[in-house]
Student: 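My questions will all concern the structure given below.
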Amino acid sequence: MKTNTNIIILGAGFAGMMAALRLANRTRHQSVAITLVNASATFVERTRLHQNASGQTVPAKSLRTMLQGTKVNFVQGKAMALDPVRRTVTVNASEGVQTLSYDKLIYALGSHTDLSRIPGATEHAYAVEQHAVLFEHLHKIAPSHGRVLVIGGGLTGIEIATEMAETHPALRVAMATSGTLGEDLSKMGARYLAQTFQRLGITVHEHVKVLRLEAERALTAANEQLSFDVCIDASGFGVSPLAQQAGLAVNPRGQILVNAFLHSITHPDIYAIGDAAIFEQSAELSVRMGCVTAIPLAIHAAENLACALAGKAEQPFQFGYVIRCISLGRHNGLVQFVDGVDHPRESVLTGRVGAAVKELILHYVMWSLQIERRFAFYRWPHTQQAHPQTPTPTTGLGTAPLLSEVTNH
Ligand SMILES: Cc1cc2nc3c(=O)[nH]c(=O)nc-3n(C[C@H](O)[C@H](O)[C@H](O)COP(=O)(O)OP(=O)(O)OC[C@H]3O[C@@H](n4cnc5c(N)ncnc54)[C@H](O)[C@@H]3O)c2cc1C
(Lines give C-alpha, C1' and ligand atoms only; values in the text may rest on other atoms or scores of the structure.)
Protein backbone atom coordinates (compact mmCIF):
# COMPACT_ATOMS: atom_id res chain seq x y z
CA MET A 1 0.00 0.00 0.00
CA LYS A 2 1.21 3.52 -0.77
CA THR A 3 2.06 5.59 2.27
CA ASN A 4 -0.29 8.40 1.36
CA THR A 5 -3.61 7.68 -0.31
CA ASN A 6 -5.21 10.59 -2.14
CA ILE A 7 -8.95 10.76 -1.91
CA ILE A 8 -10.94 13.42 -3.73
CA ILE A 9 -14.55 14.14 -2.94
CA LEU A 10 -16.36 16.12 -5.63
CA GLY A 11 -19.22 18.27 -4.34
CA ALA A 12 -19.86 19.55 -0.82
CA GLY A 13 -23.62 19.30 -0.59
CA PHE A 14 -25.28 17.05 1.98
CA ALA A 15 -23.66 13.94 0.50
CA GLY A 16 -20.14 15.20 -0.19
CA MET A 17 -19.82 17.04 3.13
CA MET A 18 -21.06 14.08 5.14
CA ALA A 19 -18.77 11.68 3.26
CA ALA A 20 -15.77 13.93 3.91
CA LEU A 21 -16.49 14.19 7.63
CA ARG A 22 -17.15 10.49 8.16
CA LEU A 23 -14.10 9.49 6.14
CA ALA A 24 -11.86 11.92 8.02
CA ASN A 25 -13.19 10.43 11.23
CA ARG A 26 -12.57 6.82 10.18
CA THR A 27 -9.11 7.46 8.76
CA ARG A 28 -7.90 9.70 11.59
CA HIS A 29 -4.83 7.52 12.24
CA GLN A 30 -4.13 6.56 8.65
CA SER A 31 -1.96 8.21 6.04
CA VAL A 32 -4.83 9.43 3.93
CA ALA A 33 -5.19 12.85 2.30
CA ILE A 34 -8.77 13.97 1.74
CA THR A 35 -9.59 16.85 -0.60
CA LEU A 36 -13.12 18.21 -0.88
CA VAL A 37 -13.87 20.23 -4.03
CA ASN A 38 -16.89 22.50 -4.30
CA ALA A 39 -17.94 25.29 -6.61
CA SER A 40 -19.02 27.66 -3.83
CA ALA A 41 -17.30 28.54 -0.55
CA THR A 42 -20.51 28.18 1.43
CA PHE A 43 -22.80 25.25 2.16
CA VAL A 44 -26.04 25.44 0.21
CA GLU A 45 -28.87 23.99 2.26
CA ARG A 46 -30.94 23.11 -0.80
CA THR A 47 -33.82 21.89 1.31
CA ARG A 48 -34.45 25.54 2.22
CA LEU A 49 -34.06 27.12 -1.25
CA HIS A 50 -37.81 27.80 -1.43
CA GLN A 51 -37.44 29.85 1.73
CA ASN A 52 -34.60 31.84 0.13
CA ALA A 53 -36.75 32.38 -2.95
CA SER A 54 -39.62 33.75 -0.90
CA GLY A 55 -37.27 36.30 0.66
CA GLN A 56 -36.36 34.65 3.96
CA THR A 57 -32.78 34.78 5.13
CA VAL A 58 -31.23 31.36 5.58
CA PRO A 59 -27.77 31.70 7.13
CA ALA A 60 -25.10 30.24 4.83
CA LYS A 61 -22.30 28.41 6.61
CA SER A 62 -18.74 28.61 5.35
CA LEU A 63 -17.47 25.21 4.19
CA ARG A 64 -14.05 25.89 5.71
CA THR A 65 -15.70 26.50 9.09
CA MET A 66 -17.70 23.31 8.78
CA LEU A 67 -14.47 21.40 8.16
CA GLN A 68 -12.50 23.03 10.97
CA GLY A 69 -10.66 20.57 13.20
CA THR A 70 -10.75 17.82 10.54
CA LYS A 71 -7.99 16.79 8.18
CA VAL A 72 -10.08 17.58 5.09
CA ASN A 73 -8.44 20.00 2.69
CA PHE A 74 -10.95 22.24 0.89
CA VAL A 75 -10.50 23.44 -2.68
CA GLN A 76 -13.00 25.97 -3.94
CA GLY A 77 -13.51 25.54 -7.65
CA LYS A 78 -15.64 24.03 -10.34
CA ALA A 79 -14.75 20.52 -11.48
CA MET A 80 -14.50 20.84 -15.26
CA ALA A 81 -13.32 17.37 -16.29
CA LEU A 82 -12.73 13.92 -14.89
CA ASP A 83 -10.18 11.51 -16.36
CA PRO A 84 -10.82 8.09 -14.81
CA VAL A 85 -7.88 6.52 -16.68
CA ARG A 86 -5.24 8.94 -15.42
CA ARG A 87 -7.28 9.37 -12.22
CA THR A 88 -7.31 13.13 -12.36
CA VAL A 89 -9.85 15.90 -11.94
CA THR A 90 -9.45 19.30 -13.57
CA VAL A 91 -10.68 22.06 -11.33
CA ASN A 92 -11.18 25.69 -12.25
CA ALA A 93 -10.20 27.21 -8.93
CA SER A 94 -9.81 30.83 -7.91
CA GLU A 95 -6.01 30.41 -8.11
CA GLY A 96 -6.28 29.06 -11.66
CA VAL A 97 -6.85 25.69 -13.29
CA GLN A 98 -5.55 22.79 -11.17
CA THR A 99 -5.18 19.12 -11.98
CA LEU A 100 -5.75 17.00 -8.90
CA SER A 101 -4.77 13.31 -8.79
CA TYR A 102 -6.65 10.67 -6.85
CA ASP A 103 -6.40 7.06 -5.84
CA LYS A 104 -10.08 6.94 -4.93
CA LEU A 105 -12.82 9.37 -5.84
CA ILE A 106 -16.19 10.03 -4.24
CA TYR A 107 -18.48 11.69 -6.76
CA ALA A 108 -21.18 13.80 -5.10
CA LEU A 109 -22.01 16.55 -7.58
CA GLY A 110 -25.70 16.44 -6.72
CA SER A 111 -28.41 17.84 -8.96
CA HIS A 112 -30.13 21.06 -9.99
CA THR A 113 -33.45 22.10 -11.51
CA ASP A 114 -33.32 21.01 -15.13
CA LEU A 115 -34.62 23.91 -17.19
CA SER A 116 -33.96 22.04 -20.42
CA ARG A 117 -36.95 19.73 -19.91
CA ILE A 118 -39.47 22.32 -21.11
CA PRO A 119 -38.65 24.34 -24.25
CA GLY A 120 -38.55 28.03 -23.41
CA ALA A 121 -38.00 27.46 -19.69
CA THR A 122 -34.44 28.81 -19.72
CA GLU A 123 -35.71 32.14 -21.08
CA HIS A 124 -39.10 32.39 -19.39
CA ALA A 125 -38.91 30.50 -16.10
CA TYR A 126 -36.82 30.55 -12.95
CA ALA A 127 -35.23 27.64 -11.17
CA VAL A 128 -35.43 27.82 -7.38
CA GLU A 129 -31.61 27.91 -7.39
CA GLN A 130 -31.93 31.42 -8.94
CA HIS A 131 -33.58 32.50 -5.70
CA ALA A 132 -32.08 36.01 -5.48
CA VAL A 133 -33.36 37.22 -8.88
CA LEU A 134 -36.55 35.26 -8.46
CA PHE A 135 -37.30 36.99 -5.17
CA GLU A 136 -36.60 40.42 -6.69
CA HIS A 137 -39.13 39.68 -9.42
CA LEU A 138 -41.75 38.41 -6.93
CA HIS A 139 -41.23 41.48 -4.81
CA LYS A 140 -41.94 43.67 -7.85
CA ILE A 141 -45.16 41.93 -8.87
CA ALA A 142 -46.64 41.38 -5.39
CA PRO A 143 -48.21 44.87 -4.97
CA SER A 144 -50.17 44.42 -8.21
CA HIS A 145 -51.34 40.89 -7.23
CA GLY A 146 -49.04 39.32 -9.81
CA ARG A 147 -49.54 35.78 -11.09
CA VAL A 148 -47.03 33.06 -10.18
CA LEU A 149 -47.13 29.72 -11.97
CA VAL A 150 -45.25 26.79 -10.43
CA ILE A 151 -44.75 23.92 -12.86
CA GLY A 152 -44.47 20.52 -11.19
CA GLY A 153 -46.60 18.90 -8.50
CA GLY A 154 -43.86 16.90 -6.79
CA LEU A 155 -42.61 17.59 -3.29
CA THR A 156 -40.41 20.50 -4.42
CA GLY A 157 -43.24 22.15 -6.40
CA ILE A 158 -45.59 21.79 -3.43
CA GLU A 159 -43.08 23.33 -1.04
CA ILE A 160 -42.37 26.23 -3.42
CA ALA A 161 -46.03 27.02 -4.13
CA THR A 162 -47.11 26.99 -0.48
CA GLU A 163 -44.09 29.01 0.65
CA MET A 164 -44.82 31.68 -1.97
CA ALA A 165 -48.53 31.84 -1.18
CA GLU A 166 -47.98 32.06 2.56
CA THR A 167 -45.17 34.62 2.49
CA HIS A 168 -46.76 36.79 -0.22
CA PRO A 169 -50.54 36.51 0.23
CA ALA A 170 -51.06 39.25 -2.36
CA LEU A 171 -49.67 37.03 -5.12
CA ARG A 172 -51.99 34.82 -7.14
CA VAL A 173 -50.21 31.47 -7.05
CA ALA A 174 -51.09 28.56 -9.33
CA MET A 175 -49.56 25.15 -9.84
CA ALA A 176 -49.63 22.99 -12.96
CA THR A 177 -49.09 19.28 -12.52
CA SER A 178 -49.24 16.43 -15.02
CA GLY A 179 -50.83 14.23 -12.36
CA THR A 180 -53.07 15.08 -9.44
CA LEU A 181 -52.22 17.02 -6.32
CA GLY A 182 -50.81 14.75 -3.62
CA GLU A 183 -51.13 11.61 -5.72
CA ASP A 184 -48.26 9.94 -3.84
CA LEU A 185 -49.83 10.58 -0.44
CA SER A 186 -52.36 8.66 1.64
CA LYS A 187 -56.01 9.72 1.43
CA MET A 188 -55.65 11.73 4.63
CA GLY A 189 -52.43 13.31 3.40
CA ALA A 190 -53.91 14.26 0.02
CA ARG A 191 -57.02 15.68 1.70
CA TYR A 192 -54.95 17.83 4.05
CA LEU A 193 -52.82 19.05 1.17
CA ALA A 194 -55.90 20.02 -0.88
CA GLN A 195 -57.34 21.90 2.12
CA THR A 196 -54.06 23.75 2.63
CA PHE A 197 -53.87 24.75 -1.03
CA GLN A 198 -57.46 25.98 -0.83
CA ARG A 199 -56.80 27.95 2.35
CA LEU A 200 -53.73 29.57 0.82
CA GLY A 201 -55.67 30.37 -2.35
CA ILE A 202 -53.44 28.30 -4.66
CA THR A 203 -55.13 27.28 -7.91
CA VAL A 204 -54.25 23.77 -9.02
CA HIS A 205 -54.27 22.74 -12.69
CA GLU A 206 -54.24 18.94 -12.65
CA HIS A 207 -53.49 16.63 -15.61
CA VAL A 208 -51.80 19.52 -17.38
CA LYS A 209 -48.68 18.89 -19.39
CA VAL A 210 -46.80 22.08 -20.16
CA LEU A 211 -45.28 21.72 -23.62
CA ARG A 212 -43.49 25.04 -23.95
CA LEU A 213 -43.08 28.40 -22.32
CA GLU A 214 -43.30 31.75 -24.00
CA ALA A 215 -43.27 35.25 -22.54
CA GLU A 216 -45.91 35.27 -19.79
CA ARG A 217 -47.67 32.10 -20.92
CA ALA A 218 -47.39 28.34 -20.74
CA LEU A 219 -48.77 26.33 -23.63
CA THR A 220 -50.22 22.97 -22.67
CA ALA A 221 -50.72 19.65 -24.46
CA ALA A 222 -54.49 20.29 -24.42
CA ASN A 223 -53.88 23.47 -26.45
CA GLU A 224 -54.62 25.72 -23.52
CA GLN A 225 -52.66 28.65 -22.15
CA LEU A 226 -51.78 29.43 -18.56
CA SER A 227 -50.78 33.05 -18.05
CA PHE A 228 -48.18 34.19 -15.55
CA ASP A 229 -45.99 37.10 -14.53
CA VAL A 230 -43.43 34.80 -12.93
CA CYS A 231 -42.99 31.13 -13.72
CA ILE A 232 -41.01 28.73 -11.51
CA ASP A 233 -40.05 25.44 -13.09
CA ALA A 234 -40.02 22.61 -10.55
CA SER A 235 -40.70 19.86 -13.04
CA GLY A 236 -37.54 17.87 -12.38
CA PHE A 237 -33.88 17.66 -11.43
CA GLY A 238 -30.95 17.08 -13.78
CA VAL A 239 -27.35 16.22 -12.99
CA SER A 240 -23.89 17.35 -14.09
CA PRO A 241 -22.73 15.90 -17.44
CA LEU A 242 -19.22 15.34 -16.05
CA ALA A 243 -19.61 11.60 -15.34
CA GLN A 244 -21.09 10.86 -18.75
CA GLN A 245 -18.39 12.92 -20.48
CA ALA A 246 -15.77 10.91 -18.57
CA GLY A 247 -17.17 7.63 -19.92
CA LEU A 248 -18.73 6.30 -16.72
CA ALA A 249 -21.88 4.20 -17.08
CA VAL A 250 -24.84 6.48 -16.40
CA ASN A 251 -28.62 6.31 -16.78
CA PRO A 252 -30.42 8.50 -19.36
CA ARG A 253 -30.55 11.32 -16.82
CA GLY A 254 -26.74 11.19 -16.36
CA GLN A 255 -26.69 9.66 -12.86
CA ILE A 256 -23.83 7.24 -12.24
CA LEU A 257 -24.90 3.60 -12.08
CA VAL A 258 -23.60 2.07 -8.87
CA ASN A 259 -23.52 -1.41 -7.42
CA ALA A 260 -24.59 -2.41 -3.93
CA PHE A 261 -21.27 -1.17 -2.53
CA LEU A 262 -21.75 2.25 -4.17
CA HIS A 263 -18.93 1.82 -6.68
CA SER A 264 -19.46 2.97 -10.26
CA ILE A 265 -20.23 -0.26 -12.13
CA THR A 266 -17.68 0.62 -14.81
CA HIS A 267 -15.04 2.44 -12.72
CA PRO A 268 -14.74 0.78 -9.33
CA ASP A 269 -12.23 3.35 -8.04
CA ILE A 270 -15.11 5.80 -8.05
CA TYR A 271 -17.88 5.78 -5.47
CA ALA A 272 -20.98 7.78 -6.38
CA ILE A 273 -23.48 9.09 -3.84
CA GLY A 274 -26.41 11.43 -3.39
CA ASP A 275 -28.50 12.76 -6.26
CA ALA A 276 -25.66 12.04 -8.70
CA ALA A 277 -25.94 8.28 -8.19
CA ILE A 278 -28.50 5.59 -8.94
CA PHE A 279 -28.44 1.85 -8.34
CA GLU A 280 -27.89 -0.33 -11.39
CA GLN A 281 -31.13 -1.82 -12.72
CA SER A 282 -30.62 -5.21 -11.14
CA ALA A 283 -30.51 -3.75 -7.64
CA GLU A 284 -33.41 -4.60 -5.38
CA LEU A 285 -33.43 -1.19 -3.79
CA SER A 286 -34.30 2.05 -5.49
CA VAL A 287 -33.65 5.34 -3.77
CA ARG A 288 -35.16 8.61 -4.86
CA MET A 289 -33.19 11.84 -5.02
CA GLY A 290 -33.35 13.49 -1.63
CA CYS A 291 -31.40 14.60 1.37
CA VAL A 292 -33.01 11.65 3.14
CA THR A 293 -31.05 9.23 0.94
CA ALA A 294 -28.00 11.37 0.15
CA ILE A 295 -26.70 11.29 3.71
CA PRO A 296 -26.98 7.52 4.30
CA LEU A 297 -25.39 6.89 0.89
CA ALA A 298 -22.55 9.26 1.81
CA ILE A 299 -21.87 7.64 5.13
CA HIS A 300 -22.02 4.19 3.64
CA ALA A 301 -19.54 5.06 0.89
CA ALA A 302 -17.19 6.61 3.46
CA GLU A 303 -17.43 3.53 5.67
CA ASN A 304 -16.82 1.21 2.70
CA LEU A 305 -13.84 3.24 1.56
CA ALA A 306 -12.40 3.20 5.08
CA CYS A 307 -12.85 -0.58 5.11
CA ALA A 308 -11.12 -0.90 1.75
CA LEU A 309 -8.18 1.16 2.98
CA ALA A 310 -7.91 -1.04 6.04
CA GLY A 311 -8.08 -4.22 3.92
CA LYS A 312 -11.51 -5.16 5.29
CA ALA A 313 -14.57 -6.31 3.35
CA GLU A 314 -17.02 -3.69 2.14
CA GLN A 315 -20.73 -4.04 2.88
CA PRO A 316 -23.79 -3.67 0.63
CA PHE A 317 -25.93 -0.58 1.25
CA GLN A 318 -29.06 -0.94 3.34
CA PHE A 319 -31.81 1.56 3.81
CA GLY A 320 -35.49 1.95 4.69
CA TYR A 321 -37.87 4.89 4.45
CA VAL A 322 -39.96 5.96 7.47
CA ILE A 323 -41.52 9.35 6.76
CA ARG A 324 -41.79 11.99 4.06
CA CYS A 325 -41.76 15.53 5.42
CA ILE A 326 -43.27 18.35 3.40
CA SER A 327 -43.24 21.97 4.47
CA LEU A 328 -46.39 23.93 3.57
CA GLY A 329 -45.13 27.37 4.44
CA ARG A 330 -43.65 28.20 7.85
CA HIS A 331 -46.75 27.40 9.91
CA ASN A 332 -47.95 24.14 8.44
CA GLY A 333 -46.39 20.89 7.43
CA LEU A 334 -47.32 17.40 6.41
CA VAL A 335 -45.49 14.35 7.66
CA GLN A 336 -46.56 11.31 5.69
CA PHE A 337 -45.64 7.99 7.30
CA VAL A 338 -44.43 5.47 4.72
CA ASP A 339 -43.31 1.85 4.68
CA GLY A 340 -39.71 0.82 4.05
CA VAL A 341 -40.07 1.18 0.28
CA ASP A 342 -41.67 4.64 0.51
CA HIS A 343 -45.32 3.64 0.00
CA PRO A 344 -47.64 5.83 2.08
CA ARG A 345 -49.25 4.42 5.19
CA GLU A 346 -52.56 5.99 6.22
CA SER A 347 -51.21 8.02 9.15
CA VAL A 348 -50.04 11.61 8.83
CA LEU A 349 -49.05 14.48 11.07
CA THR A 350 -50.32 17.85 9.94
CA GLY A 351 -50.47 21.53 10.81
CA ARG A 352 -48.05 23.03 13.31
CA VAL A 353 -46.96 19.59 14.51
CA GLY A 354 -46.08 18.64 10.95
CA ALA A 355 -44.19 21.91 10.50
CA ALA A 356 -42.31 21.37 13.78
CA VAL A 357 -41.25 17.83 12.79
CA LYS A 358 -40.04 19.02 9.40
CA GLU A 359 -38.09 21.85 11.00
CA LEU A 360 -36.61 19.49 13.58
CA ILE A 361 -35.40 17.16 10.83
CA LEU A 362 -33.77 19.99 8.88
CA HIS A 363 -32.00 21.08 12.06
CA TYR A 364 -31.05 17.48 12.88
CA VAL A 365 -29.29 17.19 9.52
CA MET A 366 -27.27 20.36 10.11
CA TRP A 367 -26.48 19.37 13.72
CA SER A 368 -25.35 15.95 12.48
CA LEU A 369 -22.89 17.62 10.12
CA GLN A 370 -21.46 19.53 13.08
CA ILE A 371 -21.29 16.49 15.36
CA GLU A 372 -19.72 14.33 12.65
CA ARG A 373 -16.60 16.47 12.89
CA ARG A 374 -15.92 14.60 16.15
CA PHE A 375 -18.08 11.46 16.33
CA ALA A 376 -19.62 9.03 13.90
CA PHE A 377 -23.16 10.01 14.84
CA TYR A 378 -25.77 9.69 12.09
CA ARG A 379 -27.96 6.54 11.94
CA TRP A 380 -30.81 5.40 9.66
CA PRO A 381 -33.15 2.40 9.32
CA HIS A 382 -31.69 -0.61 7.50
CA THR A 383 -34.84 -2.42 6.41
CA GLN A 384 -33.81 -3.21 2.85
CA GLN A 385 -30.56 -4.24 1.22
CA ALA A 386 -29.44 -3.12 -2.21
CA HIS A 387 -28.52 -6.63 -3.40
CA PRO A 388 -29.39 -9.31 -0.89
CA GLN A 389 -27.50 -11.94 -2.91
CA THR A 390 -24.36 -9.97 -3.70
CA PRO A 391 -21.27 -11.63 -2.29
CA THR A 392 -19.13 -9.29 -0.23
CA PRO A 393 -16.07 -8.32 -2.28
CA THR A 394 -12.57 -8.12 -0.94
CA THR A 395 -11.63 -4.54 -1.55
CA GLY A 396 -8.20 -3.74 -0.35
CA LEU A 397 -6.90 -0.53 -1.89
CA GLY A 398 -6.90 -0.96 -5.65
CA THR A 399 -9.04 -4.09 -5.58
CA ALA A 400 -12.65 -3.12 -5.94
CA PRO A 401 -15.55 -5.45 -6.80
CA LEU A 402 -14.82 -7.40 -9.96
CA LEU A 403 -16.71 -6.05 -12.92
CA SER A 404 -18.21 -9.41 -13.81
CA GLU A 405 -19.47 -9.61 -10.26
CA VAL A 406 -21.27 -6.32 -10.39
CA THR A 407 -22.67 -6.29 -13.90
CA ASN A 408 -24.19 -9.75 -13.92
CA HIS A 409 -26.97 -9.09 -11.45
C1 LIG B 1 -36.56 23.46 -2.65
C2 LIG B 1 -36.05 22.08 -2.33
C3 LIG B 1 -36.54 21.42 -1.21
C4 LIG B 1 -36.09 20.14 -0.90
N5 LIG B 1 -36.59 19.50 0.20
C6 LIG B 1 -36.18 18.26 0.49
C7 LIG B 1 -36.66 17.57 1.64
O8 LIG B 1 -37.48 18.08 2.38
N9 LIG B 1 -36.20 16.33 1.90
C10 LIG B 1 -35.28 15.72 1.09
O11 LIG B 1 -34.89 14.57 1.36
N12 LIG B 1 -34.78 16.34 -0.01
C13 LIG B 1 -35.21 17.58 -0.33
N14 LIG B 1 -34.71 18.23 -1.44
C15 LIG B 1 -33.72 17.53 -2.27
C16 LIG B 1 -32.33 17.65 -1.65
O17 LIG B 1 -31.99 19.00 -1.46
C18 LIG B 1 -31.29 17.00 -2.54
O19 LIG B 1 -31.71 15.70 -2.84
C20 LIG B 1 -29.95 16.95 -1.84
O21 LIG B 1 -29.46 18.27 -1.71
C22 LIG B 1 -28.95 16.08 -2.58
O23 LIG B 1 -27.71 16.17 -1.95
P24 LIG B 1 -26.35 16.02 -2.78
O25 LIG B 1 -25.24 16.25 -1.81
O26 LIG B 1 -26.39 14.78 -3.56
O27 LIG B 1 -26.40 17.19 -3.83
P28 LIG B 1 -26.41 18.84 -3.67
O29 LIG B 1 -27.04 19.17 -2.39
O30 LIG B 1 -27.00 19.24 -4.94
O31 LIG B 1 -24.88 19.16 -3.58
C32 LIG B 1 -24.01 19.07 -4.69
C33 LIG B 1 -22.84 19.99 -4.47
O34 LIG B 1 -21.94 19.85 -5.56
C35 LIG B 1 -21.55 21.14 -6.01
N36 LIG B 1 -21.22 21.04 -7.43
C37 LIG B 1 -22.03 20.72 -8.46
N38 LIG B 1 -21.34 20.68 -9.61
C39 LIG B 1 -20.07 20.99 -9.30
C40 LIG B 1 -18.86 21.08 -10.06
N41 LIG B 1 -18.83 20.83 -11.37
N42 LIG B 1 -17.73 21.39 -9.40
C43 LIG B 1 -17.72 21.62 -8.06
N44 LIG B 1 -18.83 21.56 -7.30
C45 LIG B 1 -19.99 21.24 -7.91
C46 LIG B 1 -22.74 22.03 -5.74
O47 LIG B 1 -22.33 23.38 -5.67
C48 LIG B 1 -23.22 21.47 -4.40
O49 LIG B 1 -22.56 22.08 -3.33
C50 LIG B 1 -35.13 19.51 -1.75
C51 LIG B 1 -34.64 20.18 -2.87
C52 LIG B 1 -35.10 21.45 -3.17
C53 LIG B 1 -34.54 22.17 -4.38
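Atoms within each ligand, like the ligands themselves, are counted from 1 in listed order.
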Student: For residues 168-179, pull every pair meeting side-chain hydrogen bond (donor to acceptor under 3.5 Å, both in side chains), keeping only residues two or more places apart or in separate chains.
Tutor: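 Every pair satisfying side-chain hydrogen bond (donor to acceptor under 3.5 Å, both in side chains) with a residue in residues 168-179: there are none.
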Student: Can you pull the residues with any heavy atom under 4.0 Å from ligand 1?
Tutor: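 Answer by chain and number: Gly11, Ala12, Gly13, Phe14, Ala15, Asn38, Ala39, Arg46, Thr47, His50, Gly77, Lys78, Ala79, Ala108, Leu109, Gly110, Ser111, Val128, Thr156, Glu159, Phe237, Gly274, Asp275, Met289, Gly290, Cys291, Val292, Ala294, Cys325, Lys358.
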Student: Indicate yes or no for a side-chain donor-acceptor contact from Thr27 to the backbone of Leu23 under 3.5 Å, with no hydrogens or angles considered.
Tutor: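 Yes, Thr27 side chain to Leu23 backbone: donor-acceptor pair under 3.5 Å.
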Student: Is there a donor in the side chain of Glu129 and an acceptor in the side chain of Thr113, or the other way round, less than 3.5 Å apart?
Tutor: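 On atom types as modelled, these side chains qualify, holding a pair under 3.5 Å.
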Student: Which residues satisfy the salt bridge (charged side-chain N to carboxylate O under 4.0 Å, His left out) test with Arg64, sequence neighbours excluded?
Tutor: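 Result, salt bridge (charged side-chain N to carboxylate O under 4.0 Å, His left out) vs Arg64: none returned.
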Student: Measure the spacing between OG1 of Thr122 and CG of Asp233 and express it to the nearest 0.5 Å.
Tutor: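 One gets 8.5 Å once the value is rounded to the nearest 0.5 Å.
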Student: Which residue pairs pass the salt bridge (charged side-chain N to carboxylate O under 4.0 Å, His left out) test when at least one of the two sits in residues 132-147, sequence neighbours left out?
Tutor: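 Of all non-adjacent pairs touching residues 132-147, those that pass salt bridge (charged side-chain N to carboxylate O under 4.0 Å, His left out) are Arg147-Asp229.
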